[in-house]
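The structure appears below as structure tokens.
All values reported here derive from a predicted model rather than from experimental measurement.
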Amino acid sequence: MEPPSRHAGTDIIIEDARWRASVPGTERAIRRALVAVARQGGPDFTQSPAPSILLATDRIVKRLNARFRDKNKPTNVLTFEPLSPMHGGDIVLGYETVRREAAAARRSLRAHLSHLVVHGALHLAGYDHHHPGEAREMEGIETRTLRSLGFGDPWRQGNWRQAGSVRI
């Protein structure tokens, strides 16, 4: 039996049952990604409020993207900054887009979900990828984190990049 997760306080809401069907142990995979990113120099949510994570449909992500970004289309991941110091922010992922991207990059849905959770956590910690230097730093943490989880470099497999993720 494993010890309790250091990220047991992370609220994980699975709105679409396809997430569980496609990624056995979904919650555990998410918590492992959060622990791993902290070990690679990313945010340590044992020292600050943990984010809430919503595994939703593209329909829900599209609505949020339209409301908060004026983009009437789904995206893979949205992050919402904390509303107060007692809240860790929100990470929202759209099933269909994440599944489609994983298939196009020839990686497992578990690997891609883990990557996007790490990506969202880094956004919540203030990392961004709008400038080359920032992007290199963020991608470096993501790569080290994914490798520590047993997945390949998320930026080299199939020369695929995730252009749709955004921090709000």
Side-chain angles (χ1 to χ4, degrees), residues 2-69 71 74-102 105 107-129 138-139 141-142 144-146 148-151 154 162 164-168:
E2 288 187 31
S5 169
R6 295 180 340 163
H7 295 286
T10 300
D11 290 326
I12 301 170
I13 301 160
I14 301 178
E15 184 274 334
D16 186 333
R18 292 177 295 176
W19 284 103
R20 271 203 182 97
S22 300
V23 183
T26 308
E27 293 93 337
R28 183 171 183 269
I30 290 168
R31 289 190 172 99
R32 285 186 71 225
L34 293 173
V35 169
V37 73
R39 289 182 181 150
Q40 299 301 320
D44 183 352
F45 295 112
T46 63
Q47 306 301 315
S48 61
S52 296
I53 298 175
L54 173 62
L55 300 181
T57 62
D58 273 7
R59 192 178 104 240
I60 289 171
V61 171
K62 179 181 176 182
R63 280 190 205 155
L64 292 170
N65 208 16
R67 181 173 178 187
F68 293 101
R69 297 183 61 226
K71 296 188 180 208
T75 187
N76 54 12
V77 61
L78 293 170
T79 58
F80 294 90
E81 294 181 357
L83 297 175
S84 77
M86 300 305 293
H87 182 250
D90 300 300
I91 300 171
V92 183
L93 295 105
Y95 179 80
E96 296 89 341
T97 296
V98 174
R99 186 193 70 218
R100 188 172 47 256
E101 289 176 349
R107 70 172 52 117
S108 71
L109 190 56
R110 175 182 301 279
H112 196 41
L113 170 63
S114 298
H115 181 205
L116 294 174
V117 167
V118 167
H119 189 83
L122 289 171
H123 274 308
L124 290 176
Y127 290 86
D128 222 323
H129 45 77
M138 190 172 179
E139 290 172 9
I141 295 171
E142 290 174 4
R144 289 190 306 274
T145 301
L146 273 287
S148 79
L149 291 169
F151 303 122
Q162 60 186 36
S165 63
V166 66
R167 179 175 142 208
I168 297 175

Please check if the side chain of R144 supplies one atom and the backbone of R39 the other of a donor-acceptor pair under 3.5 Å.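 It does not hold such a pair.
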So does S114 get a backbone contact from the side chain of R32, meaning a donor-acceptor N/O pair under 3.5 Å?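 No; zero donor-acceptor contacts below 3.5 Å.
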Do [X] and [Y] come within less than 4.5 Å of each other through their side chains, counting heavy atoms only?
{"X": "V117", "Y": "V37", "result": "no"}
{"X": "E96", "Y": "P74", "result": "no"}
{"X": "T57", "Y": "R18", "result": "yes"}
{"X": "P154", "Y": "E139", "result": "no"}

Can you list every pair that meets ring-ring contact (aromatic ring centres under 6.0 Å, His included) and has a residue in residues 17-37, with sequence neighbours left out?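 Qualifying pairs: W19-Y95.
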Search all heavy atoms of [X] against all heavy atoms of [Y] and return the closest pair with its distance.
{"X": "F151", "Y": "A111", "value": "CD2-CB, 3.4 Å"}
{"X": "A33", "Y": "L149", "value": "CA-CD1, 4.0 Å"}
{"X": "L124", "Y": "P82", "value": "CD2-CD, 4.5 Å"}
{"X": "T10", "Y": "P51", "value": "CG2-O, 3.1 Å"}
{"X": "A121", "Y": "F45", "value": "CB-CE1, 3.8 Å"}

Under 3.5 Å, is there a donor-acceptor pair linking the side chains of N76 and T97?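 N76 vs T97: no donor-acceptor pair found between side chains.
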One pair to check against side-chain contact (heavy atoms from CB on, under 4.5 Å): R69 and L78. What are the steps and the verdict? CA-CA 10 Å; R69 297 183 61 226; L78 293 170; 3.9 Å; yes
Step by step, would you call H112 with R99 a side-chain contact (heavy atoms from CB on, under 4.5 Å)? CA-CA 8 Å; H112 196 41; R99 186 193 70 218; over 6 Å; no
Would you check, one step at a time, whether the test side-chain contact (heavy atoms from CB on, under 4.5 Å) holds for R107 with E101? CA-CA 9 Å; R107 70 172 52 117; E101 289 176 349; over 6 Å; no
Supply the atom-to-atom distance [X] [atom1] to [Y] [atom2], rounded to the nearest 0.5 angstrom.
{"X": "T79", "Y": "H123", "atom1": "OG1", "atom2": "NE2", "value": "5.5 Å"}
{"X": "R31", "Y": "E27", "atom1": "CZ", "atom2": "CD", "value": "6.5 Å"}
{"X": "L34", "Y": "I53", "atom1": "CG", "atom2": "CD1", "value": "5.0 Å"}
{"X": "E15", "Y": "L55", "atom1": "CD", "atom2": "CG", "value": "9.5 Å"}
{"X": "I12", "Y": "L54", "atom1": "CD1", "atom2": "CG", "value": "11.0 Å"}
{"X": "L146", "Y": "H115", "atom1": "CG", "atom2": "NE2", "value": "5.5 Å"}

Indicate every side-chain donor-acceptor pair of residues 84-94 with a distance under 3.5 Å to a residue at least two apart or in another chain.
unit_1	atom_1	unit_2	atom_2	d
S84	OG	M86	N	3.3
H87	ND1	G89	N	3.1

